[in-house]
Amino acid sequence: MAKIVVITSGKGGVGKTTSSAAISMGLALRGHKTVVIDFDIGLRNLDIIMNCERRVVFDFVNVIQGDATLNQALIKDKRCDNLHILPASQTRDKEALTKEGVKKILDDLAEQFEYIICDSPAGIEQGAQMALYYADEAVVVTNPEVSSVRDSDRILGILQSKSHRAENGQPPVREHLLVTRFDPTRVARGDMLNIEDIEDILAIPLLGVIPESQSVLNASNKGMPVVLDEKSDAGQAYLDTVARFLGEDKPHRFLEAQRRGFLKRVFGG
Amino acid sequence: MALFNWFKDKEPRSADVAKERLKVIVAHERSQRNAPDYLPALQQDIMAVIRKYVEIDQDQLQVDLNEEGNYSVLEVNVNLPK
Ligand SMILES: Nc1ncnc2c1ncn2[C@@H]1O[C@H](COP(=O)(O)OP(=O)(O)OP(=O)(O)O)[C@@H](O)[C@H]1O
Ligand SMILES: [Mg+2]
């Protein structure tokens, strides 16, 4: 049985696409046949993060509308055979996605893949609802900041009431909290919400904590999911996240501020 | 500079303020989530009744519907000026 996983957040710009790329590559590296779908119709971006923007011929909407077959639209990753990408449409309107059309594609993908990762657009409207509708599991990406936490709670409400599972009285979508852009130094200063606060408010299990890291920008500059930068803190944190997702027990890392020298502590900086 | 901060009066840390505000708004929004569609109108009517007697701000009235097993409790909190 294929597992459908939505990467969602409500708020924009919190790291959904970064996380979708990292988690799908992480699952593929672990030997799982994985496809990642860009649901951000009109604002295609997963392709450039995955370095396949120049290989896009057909997209998600072409397949739904019958202008291309699924296999024509799927792009195979050059670094990992287990990973495929289904790009979003760049031009057509968001209404192009219908529940029936999406279901048909997911059913077809489920025959070839173990994991179907859905990169949701921001917001709580049609596009975001379509991305989460058929999900079995949801990774709720949250930044340690008031508006992001509040929006995460709203998206949890939608998962619990408007998903296919909710509407059909099936077991609920399994929810995971992924805190990204976490800055331990600012937490230590009392300027940023800490992990316990966020867990406390959202009350869903913590899957991972990704530190604020220069390596994320470097990776996206190169079109390389950050898990391929194994030396980076963010890359390692995402690999740990994938391991936990697969059921392994891994302690959370990168939660403490780097120790600073005595002089720096006294004189700031 | 960190050295001077040691001597400054302790203000509440902004992260703690954030947490308290989030707790309140998230709890409130959750209780509204499953609420019937008439709740906002009911809240307006309650407000109008109170304002017949005393002028209060919108944020001095809080109306929440809480599930308690097989019935719901309508909780109305009004802060009146002294
Ligand atoms: N851990 C991190 N450290 C530093 N920068 C990060 C981190 N995670 C994400 N970013 C940066 O934040 C920005 C937004 O990331 P991303 O595009 O993944 O967000 P998104 O949630 O998909 O946005 P949208 O809602 O627009 O789809 C990017 O510039 C990305 O490089
Ligand atoms: Mg995105």
Side-chain angles (χ1 to χ4, degrees), chain A residues 10-11 124 129 140 142-163 166-167 172 175 177 179 181-204 255 257 259-269, chain B residues 1-44 46-47 56-79:
Chain A
K11 189 170 158 69
I124 56 170
Q129 294 199 16
V140 178
T142 307
N143 291 167
E145 172 267 315
V146 284
S147 55
S148 175
V149 175
R150 181 194 197 176
D151 290 359
S152 291
D153 196 67
R154 296 202 61 194
I155 212 76
L156 286 168
I158 291 174
L159 283 162
Q160 290 157 13
S161 62
K162 296 208 166 122
S163 62
E167 285 182 352
E175 301 155 342
L177 173 62
V179 178
R181 312 203 67 164
F182 184 73
D183 185 342
T185 316
R186 295 172 69 187
V187 172
R189 262 193 260 133
D191 301 337
M192 187 181 261
L193 289 165
N194 65 34
I195 299 296
E196 294 76 46
D197 292 347
I198 302 170
E199 279 184 280
D200 205 23
I201 291 160
L202 294 178
I204 59 171
L255 303 182
R259 248 190 226 122
R260 298 197 300 167
F262 172 75
L263 286 178
K264 264 200 169 168
R265 266 185 286 140
V266 173
F267 293 108
Chain B
M1 267 199 343
L3 194 62
F4 295 132
N5 289 344
W6 290 352
F7 302 107
K8 260 205 316 208
D9 280 6
K10 276 257 153 58
E11 269 181 50
R13 308 187 337 156
S14 72
D16 297 336
V17 179
K19 183 181 185 188
E20 286 316 307
R21 292 177 56 223
L22 270 171
K23 272 186 167 166
V24 172
I25 189 65
V26 164
H28 177 67
E29 286 180 342
R30 275 184 198 158
S31 74
Q32 306 251 289
R33 211 176 271 165
N34 307 314
D37 294 338
Y38 62 74
L39 203 66
L42 176 65
Q43 177 161 352
Q44 278 321 105
I46 293 173
M47 192 68 181
I56 62 166
D57 275 344
Q58 194 70 47
D59 63 358
Q60 299 305 304
L61 169 70
Q62 177 119 356
V63 177
D64 286 314
L65 199 65
N66 299 313
E67 303 272 331
E68 304 266 332
N70 49 11
Y71 56 89
S72 304
V73 176
L74 183 71
E75 199 181 308
V76 179
N77 281 296
V78 190
N79 289 332

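In what follows, every chain begins at residue 1, and chains take the letters A, B, ... in the order their sequences are listed.
With sequence neighbours left out, B:Asp37 forms a side chain to side chain donor-acceptor pair (under 3.5 Å) with no residue at all.
Heavy-atom minimum distance, B:Ala18 versus A:Val146: CB-CG1, 3.6 Å.
Rounded to the nearest 0.5 Å, atoms CD1 (A:Ile201) and CZ (B:Arg21) are 11.0 Å apart.
A:Arg154 touches chain B through backbone and side chain together, each having a heavy atom under 4.5 Å away.
Proximity of A:Asp153 to B:Arg33: side-chain heavy atoms (C-beta onward) are separated by under 4.5 Å at one or more points.
Most heavy-atom pairs under 4.5 Å with chain B, from the set A:Asn194, A:Asp197, A:Leu193: that is A:Asp197.
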